[in-house]
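Structure, as structure tokens:
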Amino acid sequence: MTHVAPAVAGGPATTTGTAAPPRRRRRLDREAIAGYLFISPWVVGFLVFTAGAMLWSLYISFTRYNLATGATTPVGLDNYRELLDDPRVATALGNTLFYAVLAVPLEIAFALFLAVLLDRVGKGAGFFRTVFYLPKMTPAVATAAIFFLLLNGSNGAINRFLRSLGLPAPQWLVDPDWIKPSIVLMSLWAVSGTMVIFLAALKSVPRELYEVATLDGAGPWRLFRHITVPMISGAIFFNTIVLTIAAFQIFDSAYLLFWRDQGSSAPDASLFYAIYLFQQAFRQFNFGFAAAMAWLLFVIVMLVTVVQVRFGNRFVYYEADR
Amino acid sequence: MTPMNTARRTPLLTGLALVTAAATLAACGPGGGGGGGAGGGEPTDFTTAPTGELSAWAFDNADDVGEARMEYAAEQLADVDITMDQTSFDAQKFTTRVAGGQVPDVVQMDRRFVPTYAAQGLIQPLDACYEAHGVEADERFYDFVVDDVEWDDQLWAVPQFYQPPAIILNTRVTEAAGLTDEQFDTSKPDQLLEAVAATYTAEGGTPTRLGFDPVATGQAGLWVLGMGGQLTDEEGRPTLDDPSNVAGVELLKQITDAQGGYAQVKSFSDAFDTFGDANQYVTDQVAAQVNAQWYPNVLSPYIGQVQLRAVPFRGADGEPFAVAGGSAFVVPAGAANPDAACAWMLALTELDAWEAAGEARAATREEDGGINTGLFTGSPEADQLVRERWVVETGDPGFDQVIATYYDVLDYGRTYGASPAGQEITNALNNAVTEALLGDATVEEALADAQHAAERAYENVTAEG
């Protein structure tokens, strides 16, 4: 196959040193230009609204920023030192890590369970797929309002169910020990986006693998363990990374359940990193510190992702590598 | 599965992480490029004959009272073209608009925010506005309402509304328990706790009725200040660890512990159908509850289904005590037409505007057959006028007594104290109360933690730079 990229870049046309015919080369140039034009809105948007804002936030993380005048006063590393001095940063980071460790495996397991169920449904598969996906379409505010009622420690449906089974009924929204699990429950409700990716992966597993293994006497668990999981390991890996990043940035569910009403109390157990960052920026106007918090989170997410990529690649089956 | 080699996939996933993390970073960039800011509106003498266009924001709660006042104010400013944004106030949106230099001329916000924005230079001082229009704030408004918006010896807002709290009794329950109204006296804890014990009921450890819902976190300031505490010093610096604050939180703990503990009380009260047909007074889920003045309006359609009276919240000295927030109008720094803003805000809060509002409310009540519980405006003269002219006997002596109690406690109003960290102090106090009532810390420890958080917020907001 001809190597296209060097030709576009104006370098040697092929690895064999044979130049592409002029007409074909012009067509490739036009295709490249068209390609760049098509992606240019995203590139411009990224540079202006994301990369630009990132650079600006990096700059103000070394300053004290006055919103009224737009003036910035250099403070060196003070904002980063403050990250260590402020005990609520550690609290927020600890809560966020705890949530991520609890939520991501449960979300993966639950989404996979739902996907396997849907994969096996024959009649009415479209109906069930739609029903299972509906929570994803529900606005976060509506979901939070529903869960506020469901999780009520006194009369909530979840506790009524638990009591009917003779099980202890926790104070989900009041007891600090149960606050993070309550938010995890809410996250599980909206796991259908992950489920759809798993479902697509399950549909692409060759059926003959199951047939052969079944002929060899493999039971459902062995089929799942030795065929399904390896064959969808790419999707598991992808979902794990995406959900981990999302978990580190958790904001809306906790904010809506605990922090929306500023006249009421919100236990420290519900103080997640992004919420504290928001408070520092938009309630205390401490933009330099908030920017430093954002960069700390960025570094943490990057490190975790790099570790996941390096570690995860060992266990992921890539069809193209075989 | 789509073929894809590992070498291309790793940077792709890293890029994914980069982009999503970048979203967080981008979110905390306040403006971009610098220089924005509100800062520089031209100095004005706040002329009494303004012209031009006026934009106002955060008027999302305009009911018959609000509309009548706006109509009145618009008539007074015939040469001004007024446009209203009726979305609710949002701190992030306000900050963003200020950073972008796209500020409206008037914003309605909670009074607890006012000193915070003043300390940041995001709103304009209004002493000259009051002076230009010959308005004495102390004469037009209650002293304690003016105190809410006065900081650094300057006035920063035009206040409106003061809806004090009191204790609404469910006499169907209290009388069945053989209790008198006087036994719900917050200045006599032992007597109060006896009344709580006589009316509290539970099944399997879960409350079925609260003897007294103190609204521990929603009204934490009332309890702490009422029992002799102080939230801030004269400069607005937080004083949450002041020993005088302990009594209020300890009394709250005694009240909630007597009813199964804070977690049970909170969960039970969170499930109240507060605004509905099965509200806590109709269903006898409370014998007594602290409520702000607006709540009798909610209960008024249920006359015949509820039996109510009210008693004042009493401070440690046995005297009635009230503290409440409310909303106010401010002019952002950099507003295009501060002259019109000033004239409009003052027109909205003058006696004739409230008279128009009183008439509108009376008409609404006549139409829907409801009860007029009065207006609690922040202006003593207006309150008096509305009460005398439109608050009439309802035919339910208990409900009449409830309305009268709220009017009576106006004489005992107090301010939370203006502070640049006002909202953060409230939050820190609420968190301390929660922590102490749950038993996760002693009252002193919880207040000390809260003081650290509030102090840090105060330092941030008032830091030079």
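A, B, ... follow the sequence lines: proteins, then strands. Residue 1 opens every chain.
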Highest number of heavy-atom pairs under 4.5 Å with chain B: which of [options]?
options                       : answer
A:F278, A:F289, A:F248        : A:F278
A:L149, A:N152, A:T63         : A:N152
A:D268, A:V304, A:T72, A:N286 : A:N286

Proximity breakdown for [X] and chain B, heavy-atom pairs closer than 4.5 Å:
X      : answer
A:Q308 : neither
A:Y59  : neither
A:N159 : neither
A:R163 : side chain

Checklist entry - Is chain A contacted by the side chain of B:E424, its backbone, both, or neither, given a heavy-atom distance below 4.5 Å? => result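 Only the side chain of B:E424 comes within 4.5 Å of chain A.
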Checklist entry - Which bit of B:D440 is near chain A, if near means a heavy-atom gap under 4.5 Å: side chain, backbone, both or neither? => result side chain
Item to check | Pair A:Y276-A:L93, side chain to side chain contact (heavy atoms under 4.5 Å, CB included): steps then yes or no | outcome: CA-CA 10 Å; A:Y276 194 49; A:L93 204 51; over 6 Å; no
Item to check | Donor on one side chain, acceptor on other, B:K93 and B:T87, under 3.5 Å | outcome: yes
Item to check | Pair B:S267, A:Q171: side-chain N/O donor-acceptor within cut-off below 3.5 Å | outcome: yes
Checklist entry - Is the A:F282-B:F94 ring centre distance short of 6.0 angstrom? => result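 Between A:F282 and B:F94, the centre distance exceeds or equals 6.0 Å.
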Checklist entry - When the ring centroid of B:W294 is compared with that of B:F275, is the distance short of 6.0 Å? => result yes
Checklist entry - Would you say the side-chain atoms of B:Q120 pair up with the backbone N or O of B:V461, donor to acceptor, closer than 3.5 Å? => result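 Yes; at least one donor-acceptor contact below 3.5 Å.
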Next on the checklist: Counting heavy-atom pairs under 4.5 Å with chain A, which one of B:D270, B:D110, B:D449, B:T116 comes out on top?
Outcome noted: B:D270
Item to check | Beyond-backbone contact of B:K266 with B:T217, side-chain heavy atoms, under 4.5 angstrom | outcome: yes
